[in-house]
Amino acid sequence: MRETRIYLKRGKDRKVRNLYPWVYRDEVRRIEEGDVVADLFSNDGVFVGRGLYSKGARIVWRFLSREYDPIDRTFFERRIGEALSRRIGINSTAYRVVFSESDFLGGLVVDRYNGSVVIQVRSRGMEEVKNLVVDALTSTLNPRFIYERSDMESRREEGLEPVKGPILGGEPPILTITENGVRFYVDVVGGLKTGFYLDQRRSREYVASLVREGMEVLDLFSYTGGFSVYAALKGAKVLAVDTKGEVLELAKENAKLNGVEIDVLKYDAFKLLGESDKAYDVIVADPPAISKRKGERKRILGAVWKLTYNALPRLKVPGHLYICTCSYQASLEDMLKYIRLAAIDRGIPIHIPAVLVQPEDHPYFPHFPESLYLKCVHAVRVRI
Ligand code: SAH
């Protein structure tokens with residue numbers, strides 16, 4: 001079958017020429033149906049790019065190339081190879097190899113944990129070329145396991161069921177990774193997302209740089225203890241808080257794996273901050289993404305305000321709050337504003353010495369603003 005041909009409405013080619021990688025159905029004038037590979041044309045028939053067609057989806061086309069490249073195994077090998085070449089400075093055996101649109105493979109996420117690979121397929125178009133992707137991953141990374149974690153509800157918007165399961169090598173065991181010299185167990189089958197929050201690698205290193213021997217650290221929304229273990233290795237007394245008992249078990253194991261100990265508490269982080277009157281040197285607040293519903297931005301910023309408002313009095317002076325949001329809906333400016341408002345409402349002065357965003361294996365591609373999703377703010381409680 002030949003390629004699908006998609007003709008845009010007048011003027012709608014501009015943003016794709018500026019490298020925005022998505023076309024919405026209502027921007028399309030006419031579709032000549034063919035296979036999953038789809039060529040995009042302006043209203044007057046000039047070629048704009050080649051991509052993947054997600055039939056029936058709201059995002060009907062996702063960018064792959066500015067040329068008429070054959071979309072075969074070699075194409076995916078080249079894209080994966082280029083992505084790998086941008087990630088050579090990472091001091092970890094686990095990192096994101098492909099971050100979807102930012103690595104010019106919209107709809108695909110590939111995470112590498114030592115010799116194992118976990119993929120997420122988020123679009124119908126990418127689903128239809130999954131075999132080529134798996135072949136290309138096999139030849140470029142030579143993995144022992146390829147496991148799929150496409151178990152996200154958003155797949156339904158593309159007419160796909162959420163799925164998870166082995167693709168190559170059967171069911172992977174609990175894996176062990178080494179990140180900046182710190183070791184972690186990763187459960188790629190039962191863990192959240194693909195098993196580990198690879199996007200907080202730089203944050204964990206940064207927060208560890210604030211910690212001194214004997215400090216007291218509160219790690220809220222700890223998951224399997226990423227921040228906690230780094231802090232414990234610096235000699236801190238750490239309390240990890242999460243509502244999920246099983247992740248706290250793994251957090252304890254992760255501490256042991258590194259020859260340190262942490263305390264864990266199965267409790268609601270919001271409640272704990274409101275109730276406790278203990279003071280800490282460092283509080284980390286890395287809440288989960290709020291599901292994409294109407295009013296998401298307001299709810300995220302409400303959470304930022306509340307966490308900051310309740311954390312500031314729980315800090316020694318000086319004491320450090322490291323607070324994150326992982327949704328592109330709340331901008332960095334928004335976040336800084338709500339942190340400032342919480343500090344004013346509390347009457348507690350703060351400094352903001354650093355702002356961090358997602359690291360280089362989750363690249364922010366500015367032509368696609370939605371790709372800037374993770375923002376963390378370091379606020380210090382100061383005395384005047
Ligand atoms: N900081 C972690 C990742 C956090 S993921 C790391 O670096 O690895 C978010 C975590 O918040 C999940 O483990 C989830 O179980 C937990 N969580 C969700 N709601 C919570 C709540 N109200 N109180 C405490 N933990 C919560």
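Just follow the structure's listing: the first ligand is 1, and inside any ligand the first atom is 1.
Ligand 1 has a nitrogen or oxygen under 3.5 angstrom from a nitrogen or oxygen of D286. At least one N/O-N/O distance between D242 and ligand 1 falls below 3.5 Å. For a threshold of 3.5 Å applied to N or O pairs, the pair formed by A269 and ligand 1 contains at least one separation below that value.
Side-chain contact check for E333 and Y338: no donor-acceptor pair (N or O, by modelled atom type) lies under 3.5 Å. A donor-acceptor pair shorter than 3.5 Å cannot be found between the side chains of T325 and Y373. With hydrogens and angles left out, the side-chain atoms of Y147 and R149 include no donor and acceptor closer than 3.5 Å. Judged purely by distance below 3.5 Å, without hydrogens or angles, the side chains of Y328 and S371 never pair a donor atom with an acceptor atom. Side chain to side chain, T93 and N114 meet the donor-acceptor criterion of an N or O pair below 3.5 Å.
The ligand atoms of ligand 1 that sit less than 4.0 angstrom from a heavy atom of Y223 are 2 (C), 3 (C), 4 (C), 8 (O), 13 (O). Numbered from 1 in the order shown, with element, the atoms of ligand 1 that lie under 4.0 Å from a heavy atom of F227 read 1 (N), 7 (O). In summary, the atoms of ligand 1 found under 4.0 Å from a heavy atom of D268, numbered by their order in the structure, are 22 (N), 23 (N).
With a 6.0 Å cutoff to the six-membered ring centre and a 45° limit on the axis angle, R87 does not count as a cation-pi contact of Y95.
Ring geometry for F196 against F184 counts as tilted: the plane angle lies between 30° and 60°, on a 0 to 90° scale.
Among protein heavy atoms, atom 4 (C) of ligand 1 sits closest to F221 O, 3.1 Å. The protein heavy-atom contact nearest to atom 17 (N) of ligand 1 is T243 OG1, 3.5 Å. Among protein heavy atoms, atom 18 (C) of ligand 1 sits closest to P288 CG, 3.5 Å.
Within the structure, ring pair (Phe, Tyr, Trp, His ring centres under 6.0 Å) pairs that include any residue of residues 64-87 comprise F47-Y68 (at least two apart or interchain).
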Side-chain donor-acceptor distances from residues 225-241 under 3.5 Å, at least two apart:
| from | atom 1 | to | atom 2 | distance (Å) |
| --- | --- | --- | --- | --- |
| S228 | OG | D219 | OD2 | 2.6 |
| Y230 | OH | E179 | O | 3.3 |
| Y230 | OH | E179 | OE1 | 2.4 |
| Y230 | OH | N180 | ND2 | 3.1 |
| K234 | NZ | A208 | O | 2.8 |
| K234 | NZ | V211 | O | 3.3 |

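If you look at L192 next to ligand 1, the close heavy atoms, those under 4.0 Å, all belong to the side chain. Only the backbone of Y267 comes within 4.0 Å of ligand 1, counting heavy atoms alone; no side-chain atom from C-beta on gets that close. Only the backbone of S222 comes within 4.0 Å of ligand 1, judged by heavy-atom distances.
Residue contact annotation: R204 has a non-hydrogen atom under 4.0 Å from ligand 1.
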